[in-house]
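As structure tokens, the structure follows; a few thoughts come after it.
Start at 1 with the first residue, then count along the sequence.
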Amino acid sequence: MKKTIRPRPSITIPLGLSSLNPLLAKIYASRGVQEAGDIERTLKSLAPAQSLRGLEAALALLETALRQRQRILIIGDFDADGATSSVLAVLALRAMGAAHVDYLVPNRFEYGYGLTPEIVAVALRDKQPELIITVDNGIASHEGVAAAQAAGVKVLITDHHLPGHSLPAADAIVNPNQPGCEFSSKNLAGVGVVFYLLSSLRTRLKDSGWFVERGKPEPNMAEFLDIVALGTVADVVVLDRNNRILVQNGLARIRAGRCRPGISALLKVGKRSADKLVATDLGFVVAPRLNAAGRLDDMCHGIECLLTDNQALAAQYAEELDALNQERRDIEADMQQQALLALRALQFNERSVPHGITLFDANWHQGVIGILAGRIKDRTHRPVIAFAPAGDGVLLKGSARSIPGVHIRDVLDYVATQNPGLITRFGGHAMAAGLSLPQGNLAIFREAFSAAVEKMVDRADLEAVLLSDGALPAEYFSESFADLLREAGPWGQGFPEPLFHGDFDLVDQRVLKEKHLRMTLRQPGSERLLEAIAFNIDREHWSSGTERVRLAYRLDINEFRGARTLQLRVEYLEALA
């Protein structure tokens with residue numbers, strides 16, 4: 001789809017940023033940074049935990065569980081945030097002296113998402129917990145909480161997803177997005193919520209003399225920040241000031257070689273150097289391999305990879321996850337091709353694409369539909385829901401991905417309210433959600449979903465726009481400025497990596513691996529040659545005879561055999577006449 005490159009609005013650089021490089025100061029200011037303190041990345045600058053609603057009740061449950069040597073069971077989600085949340089909870093509670101800590105992750109193909117009555121039954125049968133702690137789920141688990149409590153099991157919910165119209169009757173709930181919670185950082189990932197809770201528990205235990213009484217060293221919670229960074233980036237939550245602090249300190253640990261063996265092993269199979277790691281490497285290299293376990297098999301493989309202290313075992317797990325990820329990519333590529341054929345059969349063009357797109361194929365794999373929805377969303381710039389059979393012959397599982405300006409969970413809530421019984425269950429965030437519905441309801445849902453998006457969206461949000469930080473002056477095409485931008489992050493959702501645009505002469509081009517375009521460029525009026533790479537181009541819409549191009553790109557450094565060269569990493573390109 002053709003995109004409009006639009007420069008960000010000009011903005012006055014605040015006095016608090018006047019000591020910085022002028023272009024970097026402008027970039028920061030356009031992202032809402034007002035003073036140097038806003039880019040402070042030390043742990044002492046984290047938002048205090050005391051304003052988290054439910055914190056005291058949660059700490060009381062946990063302290064009692066530790067002192068009474070209760071059996072604690074962590075119930076997580078089957079994505080990277082759920083996996084890292086589970087790992088963090090298990091490792092930190094064990095380090096604090098918990099006598100019995102185990103975890104359980106519902107298999108998505110058998111039990112679905114969250115603390116369901118069915119997974120509670122499995123937990124009671126196999127684990128006999130006295131306290132269940134949900135991580136990255138639970139805020140909508142009314143029936144599961146009731147089932148656990150009916151069996152005499154206490155339930156502590158830790159979650160970050162948006163709640164429904166009522167909360168489960170858990171013994172304690174810690175979720176910055178629950179009503180009445182005044183915690184300032186509403187964008188914590190599930191793993192961030194767990195980090196805050198267990199950091200507060202460590203402080204409470206220290207103050208009560210717990211560690212001294214037992215002659216046990218007090219754990220340093222900063223040692224778990226590599227796990228927190230991975231889960232935060234993987235879940236694509238907004239990198240507000242608080243999340244940037246968590247991610248930056250986690251990255252620092254990984255770069256220094258002080259991370260979990262499983263993270264090091266996943267970086268190795270992904271051919272990334274830990275000492276030069278950036279946030280996007282966690283999102284595009286580590287997280288997909290971790291997620292592949294939950295998408296195709298069992299997330300326990302990913303969790304065990306991160307839990308183990310044995311480097312050889314971590315390497316073995318990483319190889320297995322890498323193979324699963326390759327299988328996932330093959331499945332996704334086939335599904336994406338089918339989806340594109342379906343779109344063409346519907347004869348969409350840029351002026352006739354529905355406001356919301358719903359796709360289904362009886363042969364699709366439910367573990368990959370989220371990625372598929374994201375790919376089609378990127379191509380069409382529309383909210384997309386991809387459905388696959390749930391396996392019971394009755395229900396469909398759907399995964400939704402949205403565009404800026406369309407809060408997808410609110411859309412689903414509207415559809416459910418206007419059409420009682422149409423949707424079996426749903427939940428999620430602004431940009432991603434999951435749902436299930438009877439297969440016979442699909443046709444009605446397709447119309448209701450598109451109509452709801454049309455009603456709730458601003459038409460301007462349906463235009464595919466790339467916000468650019470402007471045309472990059474010639475003196476900034478340098479390795480030193482690329483390094484400066486790299487260190488100025490972490491960049492990510494809600495705090496985007498700087499993007500520039502411009503028109504270039506195309507001196508040379510070649511296609512790599514049948515889908516990546518390597519280019520040699522020259523700015524008009526200059527003799528300097530620049531290298532550029534565009535990944536996953538649509539070759540059907542690209543002419544090899546093109547001589548001039550308009551690009552939206554990011555500055556990058558290509559390192560090969562010890563040599564470093566400046567490279568433009570192309571996010572969008574179009575041929576110019």
Side-chain angles (χ1 to χ4, degrees), residues 2-33 36 39 276 278-280 465-492 495-510 512 516-535 537 542-577:
K2 183 178 176 60
K3 298 182 180 181
T4 300
I5 302 173
R6 184 174 298 160
R8 293 179 180 273
S10 59
I11 190 169
T12 302
I13 298 177
L15 289 175
L17 302 180
S18 58
S19 63
L20 301 178
N21 172 285
L23 182 51
L24 179 59
K26 177 184 174 184
I27 290 168
Y28 274 149
S30 70
R31 287 151 177 78
V33 175
I39 53 175
K276 296 179 176 64
V278 294
T280 51
V465 174
L466 286 172
L467 287 178
S468 166
D469 290 289
L472 190 64
E475 63 269 24
Y476 284 102
F477 283 94
S478 67
E479 295 171 26
S480 61
F481 188 65
D483 286 333
L484 177 66
L485 292 182
R486 175 182 177 274
E487 295 302 321
W491 310 102
F495 198 74
E497 184 181 355
L499 181 74
F500 308 99
H501 73 276
D503 296 348
F504 297 86
D505 295 328
L506 183 54
V507 178
D508 184 42
Q509 60 174 304
R510 57 191 182 280
L512 307 177
H516 309 316
L517 185 65
R518 170 77 68 182
M519 294 173 283
T520 301
L521 307 171
R522 182 170 48 223
Q523 285 183 299
S526 170
E527 293 303 315
R528 181 182 180 183
L529 298 180
L530 299 165
E531 295 299 315
I533 182 79
F535 295 105
I537 64 164
W542 178 253
S543 171
S544 60
T546 299
E547 295 182 354
R548 294 201 64 196
V549 291
R550 175 163 296 154
L551 305 180
Y553 61 90
R554 307 186 194 278
L555 280 192
D556 199 4
I557 299 292
N558 182 34
E559 300 195 25
F560 184 68
R561 295 180 179 174
R564 304 176 83 242
T565 56
L566 184 71
Q567 176 177 260
L568 310 189
R569 179 160 36 91
V570 178
E571 300 295 320
Y572 175 71
L573 78 162
E574 61 178 91
L576 299 177

Would you say [X] and [Y] make side-chain contact, with heavy atoms under 4.5 Å?
| X | Y | answer |
| --- | --- | --- |
| S30 | D469 | yes |
| K26 | S10 | no |
| I5 | R550 | yes |

Euclidean distance, [Y] [atom2] relative to [X] [atom1], rounded to 0.5 Å:
| X | Y | atom1 | atom2 | result |
| --- | --- | --- | --- | --- |
| T565 | N558 | OG1 | CG | 4.5 Å |
| R564 | E559 | CZ | CD | 5.0 Å |
| L23 | L472 | CG | CG | 6.5 Å |
| D505 | S526 | CG | OG | 9.5 Å |
| K276 | I557 | NZ | CD1 | 11.0 Å |
| F481 | L24 | CZ | CG | 6.5 Å |

Looking only at heavy atoms, which two atoms of [X] and [Y] are closest? And how far apart?
| X | Y | answer |
| --- | --- | --- |
| A29 | I11 | O-CD1, 3.5 Å |
| L506 | L521 | CD1-CD2, 3.7 Å |
| Y28 | A488 | OH-O, 2.6 Å |
| R31 | P496 | NE-O, 2.7 Å |
| P498 | L485 | CG-CD2, 4.0 Å |

Quiz item: Does the side chain to side chain contact (heavy atoms under 4.5 Å, CB included) test come out yes or no for L484 and Y476, once each step is laid out?
Solution: CA-CA 11 Å; L484 177 66; Y476 284 102; over 6 Å; no

Backbone N/O of [Y] and side chain of [X]: donor-acceptor pair under 3.5 Å:
| X | Y | value |
| --- | --- | --- |
| W491 | V278 | no |
| R528 | Q523 | no |
| S468 | G470 | yes |

Exercise. Check the side chains of T520 and E531 for a donor-acceptor pair under 3.5 angstrom, ignoring hydrogens and angles.
Key: yes

Quiz item: Quick one: side-chain hydrogen bond (donor to acceptor under 3.5 Å, both in side chains) partners of T4, sequence neighbours excluded?
Solution: E463

Exercise. Quick one: list whatever passes ring-ring contact (aromatic ring centres under 6.0 Å, His included) with F500, sequence neighbours left out.
Key: none

Just list the side-chain donor-acceptor pairs under 3.5 Å for residues 566-577, sequence neighbours left out, or say none.
{"from": "Q567", "atom 1": "OE1", "to": "R518", "atom 2": "NH1", "distance (Å)": "2.6"}
{"from": "R569", "atom 1": "NE", "to": "D556", "atom 2": "OD2", "distance (Å)": "3.3"}
{"from": "R569", "atom 1": "NH2", "to": "E497", "atom 2": "OE1", "distance (Å)": "3.4"}
{"from": "R569", "atom 1": "NH2", "to": "E497", "atom 2": "OE2", "distance (Å)": "2.8"}
{"from": "E571", "atom 1": "OE2", "to": "R554", "atom 2": "NE", "distance (Å)": "3.4"}
{"from": "Y572", "atom 1": "OH", "to": "K3", "atom 2": "N", "distance (Å)": "3.1"}
{"from": "Y572", "atom 1": "OH", "to": "E574", "atom 2": "OE1", "distance (Å)": "3.2"}
{"from": "E574", "atom 1": "OE1", "to": "K2", "atom 2": "NZ", "distance (Å)": "3.4"}
{"from": "E574", "atom 1": "OE2", "to": "K2", "atom 2": "NZ", "distance (Å)": "2.9"}

Quiz item: Is L512 atom CG crowded by more than 12 heavy atoms from other residues, nucleotides or ligands, each under 6.0 Å away?
Solution: yes

